[in-house]
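Following: one structure in structure tokens, then a few remarks.
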Amino acid sequence: MYKMLETRSVLNPKKRVGDIPGIKVGHQFYSRAEMVVVGFHSHWLNGIDYMGMAYKADYKDYQFPLAVAIVLSGMYEDDLDNADEIVYTGQGGHNLTGDKRQIKDQKLERGNLALKHCIDRDVPVRVIRGHECANSYTGKIYTYDGLYKVVKYWADKGISGFTVYKYRLRRVPGQPMLTTNQVQFVYGRVPQSVSELRGMVCEDITGGQENYPIPATNLVDEPPVPPSGYKYINSIQVAKNVKLPKAVAGCNCKGSCIDPRTCACAKLNGSDFPYVERDGGR
DNA sequence: TGTCGCGTGCGT
DNA sequence: ACGCACGCGACA
């Protein structure tokens, strides 16, 4: 422990906004602790890493607390991950153990307040995604996916009926392509055989819920990392613990209410994808 | 596979 | 000094 503190003080004693020297987009960590050690994300449990009031003197004109990094692991039921666009759920009211669902209303404080303050002055946030990975000693791998900007936030009623704060993040352009789970969907092209697809990571990301399988390939990761942290319902990527509600009797939505969390009768209607499905995992 | 409980740095 | 938090390993 002393060593970790020492190391940390040597590497990046102070939190900072934006990139950390030596850690490029696509960098893979094998545990949360590794990120703590290099000061990339200074919590081993928290999703939101932010600079507290102590940093106020260093960054005049900025509102504090101010967020610098977040981790997406697919643990929050109200998250939506769409690669370049993310809807991230704030912290709090979360049942850390057991079913990992929301059990209380969230408040606009701590990390939630810190993310809100990022909007005011376009402060970019480092985004790290967690994937399941058999090769890692923790069974998980965490990848730096680049800087995102928080473009808006709002309060919402989450799936479990409690107030959650949501943050829409958009990836800053001009960065290397998403190296983690750069999953290229081959929807629309029927391969002669499965083996024809290079870098196949998943034969059907919908898990058989669609009429046609939607395979995904990954030509970037070495070895390829399959989509795992999230699951797909009606082609919509949702957190793992999202459960399909009962179909609304007599609903004639014909797929228009395509969010599976509000309507079980939503169907995939042709090529009309409400969310881009380029990104597989998490 | 799911659940449980210990775990610890950081912000207040 | 206290409480929070998107891990992690253990056990069944």
Side-chain angles (χ1 to χ4, degrees), chain A residues 1-9 11-16 29-58 63-81 86-115 117 125-145 148 158-160 162 164-167 169 207 228-231 237-243 281-282:
Chain A
M1 191 50 55
Y2 303 115
K3 273 192 176 164
M4 280 184 69
L5 286 172
E6 261 177 29
T7 311
R8 195 190 177 301
S9 68
L11 288 180
N12 292 290
K14 295 211 88 175
K15 300 191 186 192
R16 57 171 89 187
F29 301 90
Y30 287 91
S31 72
R32 293 292 299 269
E34 290 185 12
M35 292 191 274
V36 173
V37 167
V38 298
F40 193 69
H41 189 297
S42 57
H43 300 273
W44 65 279
L45 271 179
N46 295 26
I48 306 169
D49 188 16
Y50 63 93
M51 298 189 292
M53 295 303 182
Y55 285 84
K56 199 164 182 147
D58 299 340
Q63 293 274 95
F64 276 80
L66 192 63
V68 294
I70 61 171
V71 175
L72 293 93
S73 296
M75 290 295 116
Y76 270 62
E77 60 188 2
D78 295 310
D79 278 358
L80 269 179
D81 187 359
I86 301 166
V87 177
Y88 190 77
T89 310
Q91 62 179 354
H94 191 248
N95 184 12
L96 288 179
T97 61
D99 57 7
K100 304 240 168 75
R101 303 192 66 162
Q102 293 302 124
I103 53 175
K104 281 196 301 193
D105 287 343
Q106 291 187 343
K107 292 177 185 167
L108 193 56
E109 60 186 16
R110 299 165 182 256
N112 299 349
L113 194 55
L115 275 175
H117 287 155
V125 174
R126 298 188 293 273
V127 169
I128 301 125
R129 287 186 171 90
H131 327 251
E132 284 166 21
C133 176
N135 295 339
S136 170
Y137 63 93
T138 60
K140 284 191 180 171
I141 200 164
Y142 297 88
T143 321
Y144 176 39
D145 280 350
Y148 286 63
I159 294 172
S160 297
F162 295 98
V164 292
Y165 284 91
K166 294 190 174 179
Y167 301 84
L169 289 97
S228 58
Y230 287 76
K231 65 178 180 181
Q237 186 183 52
V238 296
K240 268 185 174 174
N241 54 3
V242 169
K243 291 188 174 57
R282 294 74 77 174

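Chain identifiers are assigned alphabetically (A, B, ...) following the order of the sequence lines, protein sequences preceding nucleic acid strands; residue numbering begins at 1 within each chain. All of these numbers come straight from a predicted model, not from anything done at the bench.
When Watson-Crick and G-U wobble pairs are counted only if both distances are under 3.5 Å, C/dA10 pairs with B/dT3. Across all strands shown, C/dC2 pairs with B/dG11; the Watson-Crick or G-U wobble distances both stay below 3.5 Å.
Using a 4.0 Å heavy-atom criterion, one finds that A/Gly92 contacts the sugar-phosphate atoms exclusively. Base engagement by A/Thr89 is indicated by at least one non-hydrogen atom pair under 4.0 Å involving a base atom. At a threshold of 4.0 angstrom between heavy atoms, the contacts of A/Tyr142 are confined to the sugar-phosphate backbone, with no base atom among them.
Taking a centre distance below 5.5 Å and an interplanar angle below 30 degrees as the stacking criterion, A/Tyr76 stacks against the six-membered base ring of C/dC6.
If you take CZ of A/Arg110 and P of C/dC6, they are 11 Å apart, rounded to a whole angstrom. Taking atom NE2 of A/His41 as the reference point, atom P of B/dG11 lies 11 Å away to the nearest angstrom. Atom pair A/Asn95:CG and B/dC4:C1' shows a separation of 11 Å (rounding to whole Å applied). Computed from coordinates, the A/Met53 CE to B/dT12 C1' distance equals 9 Å when rounded to whole Å. When rounded to the nearest whole Å, the span between CG of A/Leu96 and P of B/dG2 equals 18 Å. Taking atom CZ on A/Phe40 and atom C1' on C/dC6, their separation rounds to 16 Å, with Å as the unit. The interatomic distance linking A/Asn46 (CG) with C/dG7 (C1') rounds to 11 Å, in whole Å. Distance, A/Tyr55 OH to B/dT12 C1': 15 Å, rounded to whole Å.
A salt bridge links A/Arg101 with A/Glu77: at least one charged nitrogen is closer than 4.0 Å to a carboxylate oxygen. Electrostatic pairing of A/Asp145 and A/Arg126 does not count as a salt bridge here, judged by no charged N lying under 4.0 Å from a carboxylate O.
Panel note: side chain A/Tyr165, backbone A/Leu115; no donor-acceptor pair is recorded below 3.5 Å.
You'll find that the side chain of A/Tyr50 is closest to B/dT12, out of C/dC6, B/dC10, B/dT12. The side chain of A/Arg32 has C/dC6 as its nearest neighbour among C/dC6, B/dT12, C/dG9. For A/His43, the side-chain atoms get nearest to B/dC10 when compared with the rest of C/dC6, B/dC10, B/dT8.
Neither side chain, A/Ser31 nor A/Lys140, offers a donor N or O lying under 3.5 Å from an acceptor on the other.
In this structure, A/His94 has its ring center closer than 6.0 angstrom to the ring center of A/Tyr76. Within the 6.0 Å centre-distance limit, the rings of A/Phe40 and A/Tyr144 are counted as a close aromatic pair.
Phosphate contact (OP1/OP2 of C/dG7, side-chain N/O of A/Ser31, threshold under 4.0 Å): absent. For A/Lys56 and B/dG11, the shortest distance from a side-chain N or O to OP1 or OP2 is not below 4.0 Å. The side chain of A/Lys100 contributes no N or O atom lying less than 4.0 Å from OP1 or OP2 of C/dC6.
One can find a donor-acceptor pair under 3.5 Å joining the base of C/dC6 and the side-chain atoms of A/Asp79.
Remark on DNA chain C: of its neighbouring residues A/Tyr137 and A/Leu45, the 5'-side contact belongs to A/Leu45, judged by nearest-heavy-atom nucleotide.
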